[in-house]
Structure formats: structure tokens, C-alpha cells
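Here is the structure we will look at, set down as C-alpha cells.
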Amino acid sequence: MIDITPDPIAFQIGSFPVHWYGICYALGLAAVYFVLVREARRRGQDAELVGNAMIVVAIAALIGGRLYHVIDQWALYAPDPITAILPIARQADGSYGFAGFSGLGVPGGIVTGTIAAWWLTRRHKVSFWTWADIVAPALFVMQAIGRFGNFFNQELYGPPTTLPWGIAIDCAHRVAAYPCETFPLATTHFQPLFLYESVSGLVGAATLLWLARHRAARLVPGDLLLIFFVWYGATRFVLEFMRSGNWTFFGIPTAQIVTLGFIAVGLVGLWYRHGPGRPRPGEMAETTDTDPDTDAEPDADTGNDADRKDGPAAELGTPPA
């Protein structure tokens, strides 16, 4: 068993505490940047877009993730709604103090981050689906690293367990279902749901990167993002059965409803895009040209669209099919 109950604060700079949660997310973003730049260059895309785009998408994801978390855990913020907006907490003397940055709901971040990414691809006139395939493995990488922030905050855990990787949770961080009076700190350990999500993210990232390199001929642009939706949705749906005190809708965990939506979008998208008459693997599923007649014009040299070698596939940054 893992008996460590970590301090959420890594160190202090003067009176300013630096939390492990923020460090984990910073490390995750650094790894995401590395993956995005590497994948963009491999696909022949402009890697210079990554830096500014990451800032916009990260802000959008933070807003969506925070909004989802606050709704999910509204009971924690209802007595002091300002703490839902600012990283502060009420002290024993009634004043407010810095409480660090924590509390994000991944489903909300995925939704708002995807919307922001779509807007950016339209603004820069690049293929959304191509960049979706670049981003998808990086999302798993972010999940694999960022989830360890939950370990240091002693959150995202499941029911008591006797498994050798069960973790201790101190009394102050227990959900109402597992009070220390009934589940003593010295003898009770819990399922580390954050670890399961992290491992799932690590395996998912490796899988998507492998598919991009070894099964590219069978993929339609955008498939990797759709696979991510199914993979993440299925993982989160299963883990929600082990959570307590989560946001419910008519008795059903809201996260399960949302992730079923992710799974449905992913499966329907894959079915539709690979159905009869749909884009063939290696062909461009989305053009960034604003003129719909551009792609219909014959090649100036051959006069035959079928002979074009620098069209859709080159625009995706991949070899023509």
C-alpha cells in the first residue's frame, strides 16, 4: 500500500506557494508542446502555429474545465461563490488567502478546447482534421502527466481497496461517504482513479502515435481525434462507477452522460467517414480553400484531376495516396 499523504505545496517563493498541481500541468503543457511541434513537422505543417495556438486553446480549456468542475462540485463553492472564480479560500480568521490553482473537469476542457482549435484552424486557413490528428496524441500526454496533480491534491480516488497500489487519503480530503471514524486512516486505502486515467493516457498516446506511423494508409484525416473521443470516453465512463459524491442528473453521473456523448461522436464519426462514398484513406476530408470550385479545376499541366500529385494529400502534409 502507498501510505504517503503528500503536501499539495511543493515550495514557497516568499509568501507565494507553488503547488504540485500547477507543476504537473506545467510539465504536461511542456510535453504537449514537444509532441505538437514534432508531429506538425512530421506531417509537413507549420510548427510555428503551435506556440500561440496553445495559449488560446489552453485558456479556452481552462475556462471550460473550471466551469465543469464548479458545477460538478458546487456544494464546495456555494458558501463562498467567489472561491469558484478566484484561487482563494477563506481562512480561519475570516480573511481570504491564496489557495492555489486546482479543480478542473476534463470533459469541459475538451469541449471548449476543441471549439477554440476549430476557430483557430478557420482563422489560419488550415485543415481542422489534419491538426486534430496532430493534437490527439498530445491530449493523451497531457492527461498522463497532469493527472498526477490529483495525487498531490488527494483527489480523484475511488472506494476502499486492498490492492497493493491503494493510496492513503487523510481525513481532511475524504468525501462524505468515507469518514475516518468508519474508515481509519491507518488501515484504509483507496483506488487511485487518477493513476488509472494517467496510465490510460500513456497507452493511448503510444497507440495513436503508432497508428499515425504504421497505419496511416488506412486512416482518414481526423480519425485519431475520433479515436481519442472513444478511448477517453470509455475510460472515464467506467471509472465514474467508482467515484462518490460526483455531479448527477436524475441519479446518473453527469460525467457518464457527457462521456457517452464523446463515445457516440467518435463512433458515428468513424463510421460515417469510412462508409461508402466517403473520403478514402489518404484523401483530404476537408479543404481549406474558400472557393468551392478550386479543387474542380483541372491541373494546368495535365488537364486531368486524376493525375494531380500536389493536391489534397500535399495540403495535408502527407504523401499522396
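For the single chain, residues carry numbers from 1 onward in sequence order.
- When all heavy atoms of L224 and A212 are compared, the closest pair comes out as CD1-CB, 4.0 Å.
- The CG atom of D7 sits 9.5 Å away from atom CD of Q154, with the distance rounded to the nearest 0.5 Å.
- Tracing side-chain contacts under 4.5 Å through hydrophobic residues (I, L, V, M, F, W, Y), one never reaches L267 starting from L219; they form parts of separate clusters.
- For the pair L49 and W131, the minimum side-chain heavy-atom distance is below 4.5 Å.
- Residues L36 and A138 share a closest heavy-atom pair of CD2-CB, 3.8 Å.
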Check step by step if side-chain contact (heavy atoms from CB on, under 4.5 Å) holds for F151 and L195. CA-CA 8 Å; F151 168 69; L195 180 61; over 6 Å; no
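- Here the CE atom belonging to M142 is positioned 4.5 Å from the CG atom belonging to L29, to the nearest 0.5 angstrom.
- I263 and V238 fall into different hydrophobic clusters, where Ile, Leu, Val, Met, Phe, Trp and Tyr are joined by side-chain heavy atoms under 4.5 Å apart, directly or via other members.
- The CD atom of E197 sits 4.0 Å away from atom CZ of R147, with the distance rounded to the nearest 0.5 Å.
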Could you please spell out the steps behind the side-chain contact (heavy atoms from CB on, under 4.5 Å) verdict for T259 and E240? CA-CA 10 Å; T259 51; E240 281 298 311; 5.8 Å; no
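- Annotation: side chain to side chain donor-acceptor pair (under 3.5 Å) contacts of S200 (sequence neighbours excluded): W231, T235.
- The closest side-chain heavy-atom distance from T112 to I63 is not below 4.5 Å.
- What you find for T121 and S127 is that their closest heavy atoms are CG2-O, 4.3 Å.
- A heavy-atom distance below 4.5 Å is not found between the side chains of I9 and W20.
- When every heavy atom of M242 is checked against every heavy atom of P159, the shortest pair comes out as O-CD, 3.1 Å.
- Atom OG of residue S198 and atom CZ of residue F140 lie 12.0 Å apart, to the nearest 0.5 angstrom.
- Contact annotation: the side chain of R218 never approaches that of D223 to less than 4.5 Å [non-hydrogen atoms, C-beta and beyond].
- Looking at Q12, its side chain does come within 3.5 Å of a backbone N or O of G14 through a donor-acceptor pair.
- The closest side-chain heavy-atom distance from H189 to P160 is not below 4.5 Å.
- The environment of CH2 in W210 is crowded: more than 12 heavy-atom neighbours from other residues, nucleotides or ligands sit within 6.0 Å.
- At least one side-chain heavy atom of Q45 sits under 4.5 Å from a side-chain heavy atom of T130.
- In the model, H173 has no side-chain atom that pairs as donor or acceptor with a side-chain atom of N153 under 3.5 Å.
- Here the CG atom belonging to N150 is positioned 9.5 Å from the CD1 atom belonging to I167, to the nearest 0.5 angstrom.
- Side-chain atoms of D133 come within 3.5 Å of backbone atoms of G222 as a donor-acceptor pair (strictly under, hydrogens ignored).
- Residues I23 and F16 share a hydrophobic cluster, clusters being chains of Ile/Leu/Val/Met/Phe/Trp/Tyr side chains in contact below 4.5 Å.
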Set out, in order, the CA-CA distance, both residues' side-chain angles and the distance that settles side-chain contact (heavy atoms from CB on, under 4.5 Å) for L225 and F128, then state yes or no. CA-CA 11 Å; L225 180 66; F128 169 76; 4.2 Å; yes
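- Taking all atoms of both residues into account, the shortest heavy-atom contact from D170 to L185 is CA-CD1, 3.8 Å.
- Here the shortest heavy-atom pairing between I257 and I252 reads CG1-CG2, 3.9 Å.
- Ring geometry for F228 versus Y232: interplanar angle under 30°, hence parallel rather than tilted (30 to 60°).
- Side-chain contact between L139 and I110 is absent, with no heavy atoms from C-beta onward closer than 4.5 Å.
- Evaluation of the side chain to side chain donor-acceptor pair (under 3.5 Å) test over residues 156-165, restricted to residues two or more places apart or in two chains, returns W165-Y196.
- If you chain together hydrophobic residues whose side chains sit under 4.5 Å apart, Y68 and I59 never meet in one group.
- Checked against the 6.0 Å centroid threshold, F148 and F194 count as a close aromatic pair.
- Between Y178 and F183, the two ring planes are perpendicular [angle over 60°; tilted spans 30° to 60°].
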I would like to know whether E39 and R213 meet salt bridge (Lys or Arg N to Asp or Glu O under 4.0 Å); could you show each step before the answer? CA-CA 10 Å; E39 284 299 288; R213 285 157 174 76; 2.6 Å; yes
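- Under a hydrophobic clustering in which Ile, Leu, Val, Met, Phe, Trp and Tyr are joined whenever their side-chain heavy atoms come within less than 4.5 Å, directly or via other members, I55 and W118 fall into different clusters.
- To the nearest 0.5 Å, the span separating CD1 on I134 from CZ on R38 amounts to 13.5 Å.
- With contacts defined as side-chain heavy-atom distances shorter than 4.5 Å, the pair R174/T188 qualifies.
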